[in-house]
Number of protein chains: 2
Amino acid sequence: MASGMTTKDGKPFDRAALDYVLRRRLFYTPAFDIYGGVSGLYDYGPPGCALTNNIVDVWRKHFVLRENMQEVDCTMLTPYEVLKTSGHVDKFADWMCKDPKTGEIFRADHLVEEVLEARLKGDKEARGQKVEEKGEDPKKKKKKVKDIAVVKLDDALVTEYEETLAKIDNYSGDELGELMKKYNIRNPANGSELLPPVAFNLMFQTAIGPSSNLPGYLRPETAQGQFLNFAKLLDFNSQQMPFASASIGKSFRNEISPRSGLLRVREFLMAEIEHFVDPEGGKKHERFDEVKDVELELLNREVQLAGKTHVETTKIGKAVETGLVDNETLGYFLARIQLFLLKIGVDPKKIRFRQHMANEMAHYAADCWDAELLTSYGWIECVGCADRSAYDLSVHMKKTGAGLTVREARKEPLKIEEFQIDVDKKKFGPKFKKDAKPVEAALEALTQDLREKLSLDLEKDGKIVVDVPGVGDGKVEVPKELITIEKRTRIDHVREYTPNVIEPSFGIGRIFYALCEHSYWTREGDEARAVLSLPPTVAPTKVLLVPLSQHKDFKPFVRTLSDTLLDLGVSFRVDDSGASIGKRYSRNDELGTPFGITIDFQSVKDNTFTLRDRDSTKQVRASLDDICKAISNMVQDREKWADVAARLPAFEAQEAEAS
Amino acid sequence: MASGMTTKDGKPFDRAALDYVLRRRLFYTPAFDIYGGVSGLYDYGPPGCALTNNIVDVWRKHFVLRENMQEVDCTMLTPYEVLKTSGHVDKFADWMCKDPKTGEIFRADHLVEEVLEARLKGDKEARGQKVEEKGEDPKKKKKKVKDIAVVKLDDALVTEYEETLAKIDNYSGDELGELMKKYNIRNPANGSELLPPVAFNLMFQTAIGPSSNLPGYLRPETAQGQFLNFAKLLDFNSQQMPFASASIGKSFRNEISPRSGLLRVREFLMAEIEHFVDPEGGKKHERFDEVKDVELELLNREVQLAGKTHVETTKIGKAVETGLVDNETLGYFLARIQLFLLKIGVDPKKIRFRQHMANEMAHYAADCWDAELLTSYGWIECVGCADRSAYDLSVHMKKTGAGLTVREARKEPLKIEEFQIDVDKKKFGPKFKKDAKPVEAALEALTQDLREKLSLDLEKDGKIVVDVPGVGDGKVEVPKELITIEKRTRIDHVREYTPNVIEPSFGIGRIFYALCEHSYWTREGDEARAVLSLPPTVAPTKVLLVPLSQHKDFKPFVRTLSDTLLDLGVSFRVDDSGASIGKRYSRNDELGTPFGITIDFQSVKDNTFTLRDRDSTKQVRASLDDICKAISNMVQDREKWADVAARLPAFEAQEAEAS
């Protein structure tokens, strides 16, 4: 149990208990379990799969549908060339250290972090201070350090350790190697010195086609497919800017040694938006006004560099105004991200936005804010919102020559003062013969600065000398009769630019897990009964149908209710097992099912049913139509339970206990 | 253009024209196009992605929700051991031949097929017969054979070729090699003899984790993840049989040389159901009655072996009764598959079910029927419905020892007559000492036949001799005083069995493509205008909002309509470009958008709008609420256009032309 974390009803949060529920109820389960499992790979069972689908569904409505984004589905298999250009082949890596004796492999930053934290803990114990179980960081969950040595450290060293830990995401491989030497960090299991950190590329490699001459990778993000299709998407959007593409799909990271359940996995579902925007004009957003009063908890770069974690609550309008958040488009998405997280049921007190520090950012990012959710593992990055500038479009354009730019008519034609070179073609050809073309090309390629200088030469010497590699000795003399160089005004009607990209990128698995922690609590009673208070919109199954017993009179009612719910597209399960009503509801509280309909003898008489609310266990009694309509409304977030309870007659019955 | 294929309005189908529409409107596009593309990899643009999502959505409602299936999401990365056990490492392969001179690689069966077909064509021409352009088979689309030699063949050879072609999917690698020798089939480009066919495994290989000692593959099907989780899913289903799991996700095949657009790709979306059923009791299905009158076109194994393609229309009830289809569960799914295909808009005249021939079936299948859709490439397998028997669960159980069985209380306890062996423990221990346990275990392991024989020995000789490896000389003598062997009746209350699996497996990309062919036609007019008549339920975008012009008075109406449609969850696009109304509708006919709302000056006056139906181009005029409600109904398949046209006032206006 991590102290500090509490459930929404204020009781201490018990991670092991939640994990037991999630696994027993098959929200998720280790993949290939009967083969011993593979670390970092998990399967989602029926409730987990449904919860994920529902989160994705809300996401698609909140972002794609509402904002008319261009959703695309690109392949995961990606040829080498693409990821070489994007920088992933060279830079998408973690640092690993090998124990030369045992062959064991460690992720360098996690090892340093864990060892230093263990020493600080030992120090506290030695000083007789209370050791608080902090929320642990999932990044170091391998738990190499098992025994904490109770040793008092120098005060100065304690400060050094603390500063190092605050910047742990910022170190290069060499720096990590130096820290390991300086602080004598070794294999905790056997005390061996480790080899210096080497980069391990995190992409899964494969070969495409039978001749193995086309190496490829599984994509590490969905973004590249969107960038490569930019020109087609712009065309599909009738050349209108700005616009956003979006993609929902699996990506892959070959983690060195994943150990934190759903928070660090090798195959994961992402939902990514690439919002293409003109870099000029301050990256305004036309709907920014709609969100400007949304309040966010912002933890900026400077505060973190000072080793602090102070968070300010700020209206996003204010944050953009003061420059804390760089521009309206970035601010718009931060606010929209928060609104999405709240919609699916994340605890509003457990969201913050943290700005990346300079060294921490991905190789393509110009600025980045993470939406972090508080869990028993600490604050976890669940959504990244990066300004990737023009990085990706530029590198792909440079590599392939494809026109990944926007061309637009200027409202005001641009007047450009420039030195222009005119060649007298009639004389130029006869004079230079086969060299005429390269010489002319060399002239064309001259910069404005050089043209200015040469125009003076021409006036002074009656000729100029130009570098033309491959022609004669590489220097070519052009006499005055053949050219003129003049400063003139050119009118440019078309502006061509490479868009910048703002990228909100959602890790659906992490959001899923944080949401489960935020939704979990236990009901008072003889024994603690677990409840997952997932909102009706995202709950895996919406309704449990509970006939009082297996009496045959109840069967036609179960059928009618089922058909009605099917028609409404509301997912349900029937539980006509012999277990007590309380026990049946208890199982479904764990599954997060928000509503229950009981079919009893009164139902047979007058065709009314009771409807139970999971969170309050309160019930109402009404006709089939009224009950199904109310459920449909609540599932579509058009009514809350409070509204339904206010308009339908209450049904008083003691909540059947789970015994 | 493939003759024979016609559009739904009876005109010749033009594949090139459809393909132009699908690519121009970004339904799909070659992946990594700006890098030159990778064969067999395609991206889906906005309309393609939406169409796919909508097909999946209907699938989930039709199967998962309606039949309470357990949807799971398992990882694509799969360790070697799992796929070794399932048989894929050894058997999931195609035969390829290499040209030793050029290094070019051919898929053997496709090459044989293409060469023989070319020769038959040349023969027909030589005989002066009309050569009919048959629907081509996508499997041989590489089109190695470019020039057809006009050569008359012996009549007997023609028959041989035709019989070979009818069984082309049935040959082993050796047989293909023999055919190539016998018929002198070489590299069509240079006449080189090819090396004999070798197996090429179609799975993409990779390494999991940093130490590369865990080889893995990308899954070739979603099924294995479902099998491995069988015990947990059975538990989740409260140990009730039968039940089905389902999974929607990407799978991978490293095709040797894919060349048929969306029909043969290396990465594809599958939707698979694994229905677990008791192998005893005839595999009945409790809802079979609901579908027994559904009529299917069935092409059985015997007809095909005779080299024919005669199809019978049969009620599925009748087909199961006569044994043409093996059992109710298989029959139930065939009918449900057809109902699904019709629901998403597949042409009822272009569906048939073809039974696999014995050699053609996958290594795990006991029987298999394919739902094939007629396209310009011929009849294409889009859904497989295989009886995988207990193959997969058995092999995984054998390999891992996991209990992938069902244990159920027998309704009638089973009386079993058997020879039981009782050991007199008091005497047994002292006599055999440390060997007592192995000797007892050896007795326990004796078969019924041996027990019977030994009971006679015991009576006759007063002792028995048993094989106990590792004890003495491997033979142990047990005297009469220590044991009794008697025939007795045992009552067995629990039955344990390994379920059989019926697997309907959907290739969503192939269904997608066939559906586009079936939906495509061209409107009469000055120039042929393409229309994709996709049903409202699956159409990528449901509504186009068309303000008559960019007049500012129209803007608030666009906003109100947008908000209302958003609330209803109906996807829409606004087209306020300067193009003519006709041109704007024309673009959206190509996108398959079923409805259009025009905002005109009448709207500003009385808040009414016209609603246009894509297929008929008929219009009605009504209030905002009435229009939006009608659209919502049609999108949810609760009303048809005919119903709406009957109850809302018609609006007469000439369809604005596309000029």
Side-chain angles (χ1 to χ4, degrees), chain A residues 26 29 31-35 38-39 41-46 48-50 52 61 65-66 68 70-79 81-82 96 103 105 200 204-211 214 218 225 228-229 232-233 236 238 250 252 254 256 266-267 396 400 402 566 569 571 573 577, chain B residues 26 29 31-35 38 41-46 48-50 52 61 65-66 68 70-79 81-82 96 103 105 200 204-211 214 218 225 228-229 232-233 236 238 250 252 254 256-257 266-267 396 400 402 566 569 571 573 577:
Chain A
L26 223 48
T29 188
F32 317 109
D33 210 3
I34 66 174
Y35 279 82
V38 176
S39 60
L41 294 180
Y42 294 91
D43 292 342
Y44 287 88
C49 188
T52 301
K61 285 186 180 131
L65 188 58
R66 181 161 183 285
N68 257 313
Q70 319 279 15
E71 188 180 343
V72 298
D73 183 24
C74 304
T75 62
M76 297 169 204
L77 288 166
T78 308
E81 276 301 321
V82 171
M96 68 175 182
I105 288 168
F200 171 68
F204 287 96
Q205 198 169 358
T206 191
I208 303 172
S211 54
L214 185 57
L218 294 177
L228 298 188
N229 282 306
K232 291 174 186 172
L233 291 168
F236 187 80
S238 313
K250 294 276 166 74
F252 302 82
N254 200 0
I256 291 175
R266 287 175 164 151
E267 180 176 331
H396 289 302
T400 64
L566 264 178
S571 66
R573 295 268 154 180
S577 71
Chain B
L26 223 49
T29 188
F32 316 109
D33 210 3
I34 64 173
Y35 279 82
V38 176
L41 294 180
Y42 295 92
D43 292 340
Y44 289 88
C49 187
T52 300
K61 284 186 180 129
L65 187 59
R66 182 163 182 284
N68 257 315
Q70 318 280 13
E71 188 181 343
V72 298
D73 182 26
C74 305
T75 63
M76 299 170 202
L77 288 166
T78 308
E81 274 302 321
V82 171
M96 66 175 183
I105 288 167
F200 171 67
F204 287 96
Q205 199 170 357
T206 191
I208 303 172
S211 53
L214 185 57
L218 294 178
L228 299 187
N229 283 306
K232 291 175 186 172
L233 291 168
F236 187 79
S238 313
K250 295 275 166 74
F252 302 82
N254 200 1
I256 291 175
S257 73
R266 289 175 163 152
E267 179 176 331
H396 288 303
T400 64
L566 264 178
S571 66
R573 294 269 154 181
S577 71

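Below, chain A is the first sequence line, B the second, and so on; all start at residue 1.
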Compare every heavy atom of [Y] with every heavy atom of [X], then report the nearest pair and how far apart it is.
X: B/Cys49; Y: A/Val72; answer: SG-C, 3.8 Å
X: B/Pro210; Y: A/Ile256; answer: CD-O, 3.3 Å
X: A/Pro79; Y: B/Val38; answer: CG-CG2, 3.8 Å
X: B/Asp43; Y: A/Thr75; answer: OD1-N, 3.1 Å
X: B/Phe32; Y: A/Leu77; answer: CZ-O, 3.1 Å
X: B/Lys232; Y: A/Asp33; answer: NZ-OD2, 2.6 Å

Of the backbone (N, CA, C, O) and the side chain (C-beta and beyond), which part of [X] lies under 4.5 Å from a heavy atom of chain A, both, or neither?
X: B/Phe204; value: both
X: B/Asn254; value: side chain
X: B/Phe252; value: side chain
X: B/Ser577; value: neither
X: B/Leu218; value: side chain
X: B/Ala50; value: neither
X: B/Val82; value: both

What's the separation between atom [atom1] in [X] and atom [atom2] in [Y], rounded to the nearest 0.5 Å?
X: A/Thr78; Y: B/Leu41; atom1: OG1; atom2: CG; value: 8.5 Å
X: A/Ser238; Y: B/Arg573; atom1: OG; atom2: CZ; value: 10.0 Å
X: A/Tyr35; Y: B/His396; atom1: OH; atom2: NE2; value: 4.5 Å

Quiz prompt | Under 3.5 Å donor-acceptor, B/Glu267 side chain and A/Met76 backbone | solution =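 Between the backbone of A/Met76 and the side chain of B/Glu267 there is a qualifying donor-acceptor contact (under 3.5 Å).
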
Exercise. Check whether any side-chain heavy atom of A/Ser39 sits under 4.5 Å from a side-chain heavy atom of B/Ile208, and report yes or no.
Key: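 A/Ser39 vs B/Ile208: side chains apart.
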
Quiz item: Checking A/Thr52 against chain B: side chain, backbone, both or neither under 4.5 Å from a heavy atom?
Solution: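 Interface part for A/Thr52: neither.
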
Quiz item: By a 4.5 Å heavy-atom criterion (distance strictly below it), what part of A/Asn68 contacts chain B: side chain, backbone, both, or neither?
Solution: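 Contact with chain B involves both backbone and side-chain atoms of A/Asn68.
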
Exercise. For each of B/Met96, B/Lys61, B/Lys250, tally heavy-atom pairs with chain A at distances under 4.5 Å, and name the one with the top tally.
Key: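 Greatest number of close heavy-atom pairs with chain A: B/Lys250.
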
